[in-house]
Amino acid sequence: MSRQIVMPFGPQHPVLPEPIHLDLVLEDETVVDVIPSIGYIHRGLETLVEKRQFPEYVYIAERTCGICSFIHGMTYCQGIERVMGLEVPERAHYLRTIWSEYSRLHSHLLWLGLFADSMGFENLFMNAWKHREFVLDVMEETTGGRVIQGSCKVGGVRRDIDQDTLKRMNADLKGFEKGLKEMANVFLNDDSVASRLRGVGVLSRNDAYVCGAVGPTGRGSGVPIDARMTGYAAYGELGFSPVVEQDGDCYARCAVRVNELFSSIEIIRQSIDRIPGGEIEVKVKGNPEGEYFSRSEQPRGELVHYVKGNGTKYLARSRIRTPTLTNIPPLVKMLQGCELADVPVIVLSIDPCIGCMER
Amino acid sequence: MTYLKKSPWLLHYDASSCNGCDIEVLACLTPLYDVERFGIINTGNPKHADVFVVTGGVNEQNREVIRNIYEQMPEPKVVVAVGICAASGGVFRECSNISGGIDQLIPVDVYVPGCAARPESIIDGIVKSLEILEEKRIQMKERAKQKEQGRSPGGGER
Amino acid sequence: MKPENQELRVIDTAHLIGEVEDYRNKGYRLVNMSCTRAGEEFEISYSFELDLRFENIRIIIPLDADISSISGIYWGAFIYENEMHDLFGVHVRGMNIDFKGNLIRTTVPYSFRNPSFRGEGPCQDR
């Protein structure tokens with residue numbers, strides 16, 4: 001047996017926008033084991049429920065993560081609404097769906113850019129982020145914020161989008177989709193990208209299921225888990241199906257995300273076509289009492305916000321189970337047996353969001 | 001400032017930020033905002049960096065990392081705290097694991113407001129920090145000159 | 001929107017491993033483990049899902065009790081169990097990967113057990 005050495009990876013590493021630390025146990029160039037250690041971004045924000053009243057905690061929930069902030073806020077609101085038995089107007093559900101899907105577009109484009117960067121494909125990185133600005137412009141126009149929107153509240157949404165704007169958003173999607181198609185062609189059909197990704201970091205279907213992989217990480221391995229199928233917000237009334245790939249390698253995870261871009265655009269189109277008129281919020285009276293596990297699909301996978309109210313303005317407990325936390329065990333499985341030079345690509349292939357993970 | 005004499009390099013570190021400011025810092029580098037037109041490059045190596053951009057409040061595990069990175073950067077150097085969390089801890093200021101803003105740990109030259117800070121204000125902040133960097137460089141040269149001449153300024157002014 | 005039906009059963013601590021094995025054999029996936037402090041007790045909930053059926057089981061233990069790990073059944077459970085240990089100080093016996101309290105390092109040990117907060121004064125005032 002050759003000699004084993006332990007090599008630290010991170011916390012500050014050029015390929016990572018956020019700090020995560022991995023101890024890689026190496027035998028020559030092969031990784032035999034991985035020990036993740038986290039906590040660089042742990043803030044302890046779940047304890048803030050004791051300091052903030054439940055309607056204010058939405059802002060904290062949104063700031064769990066700046067990338068999928070809207071979906072965090074929405075999932076928390078859904079939990080509280082269920083506990084309090086609030087009937088949110090249909091229009092609010094549709095608006096939430098539209099903003100969720102724009103969040104997904106922005107998150108996936110961000111990831112595709114970073115992923116291209118980790119492969120050393122800088123041109124593609126810039127290209128993905130150029131397209132992302134279109135999504136952020138829509139976000140800013142409709143909610144007022146680029147990455148942290150603050151447009152969701154308990155009982156509905158804070159802002160409406162008028163019909164003219166919706167119409168224009170729908171029309172603008174056409175040009176956006178055209179640009180994405182050109183970019184997707186590079187991700188899916190370019191030789192150098194494929195040679196970097198095919199067969200790298202393979203996660204078998206069984207491992208994915210047992211380790212609890214969710215989102216594109218699971219769907220890339222043929223596990224069709226998609227919390228949107230539970231029909232929260234307006235998803236129950238829209239036609240879509242989860243994007244699934246079978247190979248379980250980095251290429252498959254990348255392909256899932258690329259194809260989800262187009263599925264998101266389709267969902268936005270459907271929502272804009274079907275959005276009903278009417279109110280956008282209901283009045284919130286009383287305090288939450290009871291508990292609920294609110295689930296939703298974040299760009300990175302299934303998100304669970306557990307809320308427990310005790311009849312006062314302050315919740316007894318909020319627990320946020322984020323997809324990246326669940327995807328860490330599958331990441332350990334993927335890295336075992338890979339080559340050292342592939343580590344950055346594999347780590348990025350689960351789309352780690354450390355801010356979410358450690359809260 | 002009409003033009004830059006030098007090409008300053010940035011080092012970005014995320015100290016328990018929510019990511020919102022981080023992605024906006026990255027957005028500054030990409031085609032729409034493109035700070036590279038000023039010659040500013042994002043580097044991963046502290047020894048290459050002139051400007052240290054920190055997002056988020058300091059937490060326990062980050063203390064050593066931030067101090068290490070700061071000390072590894074060559075003089076002169078400036079620190080830009082991006083976002084309200086880096087200034088004071090922001091919405092997380094009461095969390096037991098947060099020690100407050102970056103200035104609890106290292107001297108900060110420019111604070112960029114916002115949650116999340118917008119790319120325009122980040123660029124503004126960085127450009128402002130470059131003036132400070134230039135001043136610091138002149139002061140450093142001055143000090144070196146005085147040292148060479150064997151005269152200490154005596155006042156203890158840095 | 002159709003609200004999801006969520007089953008929640010409180011079970012005896014002694015039956016935990018058996019119940020979890022049952023879920024595993026039926027093909028459920030582990031969604032979440034979460035710990036909540038309720039007075040002088042911890043509520044530990046395990047959530048499972050199969051084909052959009054979402055079920056929870058819960059054990060209630062005293063603050064200083066320890067629980068057995070389910071990481072032998074669901075390999076990935078170690079991440080939740082270590083987190084629970086680091087934040088709440090729940091001792092978990094027999095984890096497949098035990099970080100010994102080093103997964104999340106906090107300023108205050110077991111900071112979620114008795115949440116404390118920093119003073120509200122200005123940050124510069126130390």
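Chain identifiers are assigned alphabetically (A, B, ...) following the order of the sequence lines, protein sequences preceding nucleic acid strands; residue numbering begins at 1 within each chain.
For C:N82, no part sits under 4.5 Å from any heavy atom of chain A, backbone or side chain. A:E291 touches chain C through its side chain: at least one heavy atom from C-beta onward sits under 4.5 Å away, while N, CA, C and O do not. Looking at A:I328, only its side chain comes within 4.5 Å of chain C, counting heavy atoms on both sides. Contacts between A:V210 and chain C at a heavy-atom distance below 4.5 Å involve backbone atoms as well as side-chain atoms. Only the side chain of A:V214 comes within less than 4.5 Å of a heavy atom in chain C; its backbone stays farther off. Heavy atoms of C:E83 lying under 4.5 Å from chain A belong exclusively to its side chain. Looking at A:V88, there are no atoms closer than 4.5 Å to chain C (heavy atoms on both sides), in backbone or side chain. Neither the backbone nor the side chain of C:F48 comes within contact range of chain A, judged by heavy atoms closer than 4.5 Å. Both the backbone and the side chain of A:L48 come within contact range of chain C, each with at least one heavy atom under 4.5 Å from a heavy atom of that chain. For a residue to count as touching a neighbouring chain, one of its non-hydrogen atoms must lie under 4.5 Å from one of that chain's; by this rule A:Y306 touches chain C with the side chain only.
Of the possible polar contacts, one joining the C:E81 side chain to the C:I70 backbone as a donor-acceptor pair under 3.5 Å is found. A:Y232 contributes a side-chain N or O that, together with a main-chain N or O of A:E297, makes up a donor-acceptor pair within less than 3.5 Å. Side-chain N or O atoms of A:S221 include one that pairs as donor or acceptor with a backbone N or O of A:L203 at under 3.5 Å.
For an aromatic pair to be called close, the ring centres must be under 6.0 Å apart, and A:F54 with A:Y314 fails this.
Two residues are said to be in side-chain contact when any heavy atoms from C-beta on lie closer than 4.5 Å; C:Y23 and C:R29 fail this criterion.
Interface summary for chain C: among A:E87, A:K308, A:K333, the most heavy-atom pairs under 4.5 angstrom belong to A:K333.
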